[in-house]
**Student:** 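If you scroll down you'll find the structure; I have some questions about it.
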Amino acid sequence: MLDQRLLRDNPAQIVEGLSRRGMDVDLEGSQQLAQRARDLEQQRSELQAEGNRIGRQVGERIKAGATPGGEEVKALRDEGNRIKHRVAELEEQERGLEQQLREQLLGLPNLPSPLCPDGRSEADNVEVKRWGEPRLGTLASGKPLQEHWQIAEGLGIVDTERSVRIAQSRFVTLLGQGARLERALISFMLDRHTARGYTEVLPPILVNSASLTGSGQLPKFAEESFRCADDDLWLTPTAEVPITSLHRGEVLAEGTLPLKYVAYTPCFRREAGSYGRDTRGLIRLHQFNKVELYWFCHPQESEQAHEQLTTDAEGVLEALDLPYRRIELCTADLGFSASRTYDLEVWLAGAATYREISSCSTCGDFQARRAGIRFRDGGKTRLLHTLNGSGLAVGRTMAALLESGQQDDGSVVLPEALVPYFGADRIVRD
RNA sequence: GGAGAGGUGGCCGAGUGGUCGAAGGCGCAGCACUGGAAAUGCUGUAUAGGGGCAACUCUAUCGAGGGUUCGAAUCCCUCCCUCUCCGCCA
């Protein structure tokens, strides 16, 4: 959520920032709402002050010996009642205005960082770096490199058809070495990040509406999450949601920042509007596993933290010998809560393309304001900054490993770093 | 799911209708004392919003929301949460 003070004092800055995202917003309505709410508050609090004075007078008169039912006291009571009703009216109006204003503000995305490159579409994203040698060409036999779902099918480690029976399309069941590899990857990633100072978290994956609002998924993106019918609970679309709310409403003590968390969770997304895309394999599922990195940090440190978090995510790819590139998203491609984002794209040898495997964002104080997360900074309480990034999406990591490590005989050679976790250096057909 | 107890400031804890934003203690900060420290003493120490250049001031907040009242931390209703016991269960 954007700062209401900014709306009052420098609305042009909001208009400009959002126009960099390609949005044309008219803030006049919101400004007027804010102004009217403030005027009402002024009026109301003056009336309340008057009412408080009267209340006190009644007490004093009675103490001084006035008859509680007498004329003098009755006049004051009548006046008190009149004020009370007037205050109630004003309060109702004020609440209405404030709620409207809040709804409007909650619907506005974060302002892009000054460092975020301008752009009109994802075509304007900027490649920052590349790492590793993408596997190109064909198998030794001359046959083309296969895509991960073909390899997985050949190995019998993924069952898509039966998953439809269990749930519906866009769900998978991992079997045998596939299930084992998924588990190995999760452990590998968690161990790696905790060794670098992240605190491991295993949060609830059903989250309430306040949590989704805090991190920015609500109110605008309700259609992206699965909802429980009988409770105010949703299946979390990313661990970013529960971790943001881990400290929702808190004022963190001086010296506790930065807080660095790593969480493995299943993630659930409805993927509305992506019919026909990535229908095969592990790329786009309603349920997938992800290891998420998350920082709560001092505003002055968030820029550096963003680099560090991204580097930490890249480290996983490097440890797994997976070639990737880092893309800085332009203003047009930025997510709702982000002010600046690096996407990491892993090389999929079979598909011969780079695919997103991590999205590392700094949200500035946007989520902190929504979720009310502050810290003490030399006697003052101020909003902190939040950052998040995948470290990594587990299913897509498996896809990349299958495609990069595929052999002519259908087996898959795994990177060394995984051997202690997987228990073998390759996957072969049982 | 059944029965009971309870939710007050950073923490502990008083407060059952009238200047209560809330005693007292702990903690914390500043000052004094000291060669330095401990101990001691004094002072200060919530959050949010509005108004004011400022000193300052007004309002709200004692789990949340509603109600009674001129006036509610205190009385009534609803909800949420925590704890204890019983039942059930991975």
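Just so it is clear, the model here is predicted, and its values are computed rather than measured.
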**Student:** If you check the Thr381(A) side chain, which of rU47(B), rG66(B), rC70(B) turns out closest?
**Tutor:**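 Shortest atom-to-atom distance from the side chain points to rU47(B).
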
**Student:** In residues 41-60 of chain A, which residues come under 4.0 Å of RNA chain B by heavy atom?
**Tutor:**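 RNA chain B contact set from residues 41-60 of chain A: Glu41(A), Gln42(A), Arg44(A), Ser45(A), Gln48(A), Ala49(A), Asn52(A), Gly55(A), Arg56(A), Val58(A), Gly59(A), Glu60(A).
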
**Student:** Figure out the CZ/C1' separation between Arg248(A) and rG63(B), and round it to whole Å.
**Tutor:**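 In whole Å, rG63(B) C1' lies 15 Å from Arg248(A) CZ.
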
**Student:** Measure from the ring center of His247(A) to the ring center of Tyr294(A) and say whether it is less than 6.0 Å.
**Tutor:**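 That pair fails the under 6.0 Å test.
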
**Student:** Would you mind pulling out the nucleotide paired to rG87(B), Watson-Crick or G-U wobble, both distances under 3.5 Å?
**Tutor:**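 Base partner found: none.
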
**Student:** Side-chain N or O of Arg374(A) less than 4.0 angstrom from OP1 or OP2 on rA48(B)?
**Tutor:**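 The answer is yes; a side-chain N or O of Arg374(A) sits under 4.0 Å from OP1 or OP2.
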
**Student:** What's the closest nucleotide to the Arg5(A) side chain, out of rG49(B), rU47(B), rC70(B)?
**Tutor:**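 Closest nucleotide to the Arg5(A) side chain: rG49(B).
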
**Student:** Partner of rC31(B) by Watson-Crick or G-U wobble geometry, both contacts under 3.5 Å, or none?
**Tutor:**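 rG41(B) - that is the nucleotide pairing with rC31(B), both distances being under 3.5 Å.
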
**Student:** Roughly, in whole Å, what's the span from CG in Leu33(A) to P in rG49(B)?
**Tutor:**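 It works out to 18 Å between those atoms.
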
**Student:** To the nearest 0.5 Å, how far apart are CG in Leu282(A) and NE2 in His148(A)?
**Tutor:**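 One gets 4.0 Å once the value is rounded to the nearest 0.5 Å.
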
**Student:** Under a 3.5 Å cutoff, is there a donor and acceptor pairing between the side chains of Glu292(A) and Tyr261(A)?
**Tutor:**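 Looking only at side-chain atoms, Tyr261(A) and Glu292(A) do not form any donor-acceptor pair under 3.5 Å.
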
**Student:** Check the distance between rG50(B)'s P and Glu91(A)'s CD and give it to me in whole angstrom.
**Tutor:**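 After rounding, the reported distance stands at 17 Å.
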
**Student:** Expressed in angstrom and rounded to an integer, what is the separation of Arg376(A) atom CZ from rU45(B) atom P?
**Tutor:**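 Between P of rU45(B) and CZ of Arg376(A): 14 Å.
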
**Student:** Distance check needed: rG50(B) P versus Gln35(A) CD, whole Å only.
**Tutor:**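 The distance from CD of Gln35(A) to P of rG50(B) comes to 11 Å, rounded to the nearest Å.
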
**Student:** Which nucleotide, if any, forms a Watson-Crick or G-U wobble pair with rC53(B), using both distances under 3.5 Å?
**Tutor:**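 Its partner: none found.
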
**Student:** Have a look at Asp343(A) and tell me which of Arg326(A), Glu356(A), Glu122(A), Arg355(A) forms a side-chain contact (heavy atoms from CB on, under 4.5 Å) with it.
**Tutor:**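 Of the listed options, the one satisfying the test is Glu356(A).
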
**Student:** Among Asn52(A), Ile54(A), Asp78(A), which residue satisfies the side-chain contact (heavy atoms from CB on, under 4.5 Å) criterion with Ile83(A)?
**Tutor:**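 Single side-chain contact (heavy atoms from CB on, under 4.5 Å) partner of Ile83(A) among Asn52(A), Ile54(A), Asp78(A): Ile54(A).
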
**Student:** Arg95(A) side chain: which of rG18(B), rG51(B), rG66(B) is closest?
**Tutor:**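 Comparing rG18(B), rG51(B), rG66(B) against the side chain of Arg95(A), the answer is rG66(B).
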
**Student:** Can you tell me how far P of rU19(B) sits from CZ of Arg61(A), to the nearest Å?
**Tutor:**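 Distance, rounded to whole Å: 17 Å.
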
**Student:** Could you tell me how far apart Arg38(A) (CZ) and rU59(B) (P) are, to the nearest whole angstrom?
**Tutor:**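 In whole Å, rU59(B) P lies 20 Å from Arg38(A) CZ.
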
**Student:** Applying the Watson-Crick and G-U wobble criteria at under 3.5 Å, what pairs with rA48(B)? Answer none if nothing qualifies.
**Tutor:**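 Because both required distances fall under 3.5 Å, rA48(B) counts as paired with rU59(B).
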
**Student:** Output a table of donor-acceptor pairs, distance under 3.5 Å, between side-chain atoms of residues 173-188 of chain A and any protein atom two or more places apart or on a different chain; print 'none' if there are none.
**Tutor:**
{"unit_1": "Thr173(A)", "atom_1": "OG1", "unit_2": "Ser163(A)", "atom_2": "OG", "d": "2.8"}
{"unit_1": "Gln177(A)", "atom_1": "NE2", "unit_2": "Val428(A)", "atom_2": "O", "d": "2.8"}
{"unit_1": "Gln177(A)", "atom_1": "NE2", "unit_2": "Asp430(A)", "atom_2": "OD1", "d": "3.3"}
{"unit_1": "Arg180(A)", "atom_1": "NE", "unit_2": "Phe422(A)", "atom_2": "O", "d": "2.5"}
{"unit_1": "Arg180(A)", "atom_1": "NH2", "unit_2": "Phe422(A)", "atom_2": "O", "d": "3.3"}
{"unit_1": "Glu182(A)", "atom_1": "OE2", "unit_2": "Asn289(A)", "atom_2": "ND2", "d": "2.7"}
{"unit_1": "Ser187(A)", "atom_1": "OG", "unit_2": "Arg183(A)", "atom_2": "O", "d": "3.4"}

**Student:** Would you tell me if any nitrogen or oxygen in the side chain of Arg8(A) comes within less than 4.0 Å of OP1 or OP2 on rG50(B)?
**Tutor:**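 Yes, Arg8(A) has a side-chain N/O under 4.0 Å of OP1/OP2 on rG50(B).
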
**Student:** So what does Lys74(A) hit on the nucleic acid, given a heavy-atom distance under 4.0 Å: a base, only sugar-phosphate, or nothing?
**Tutor:**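 No contact at all - Lys74(A) keeps every heavy atom at 4.0 Å or more from the nucleic acid.
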
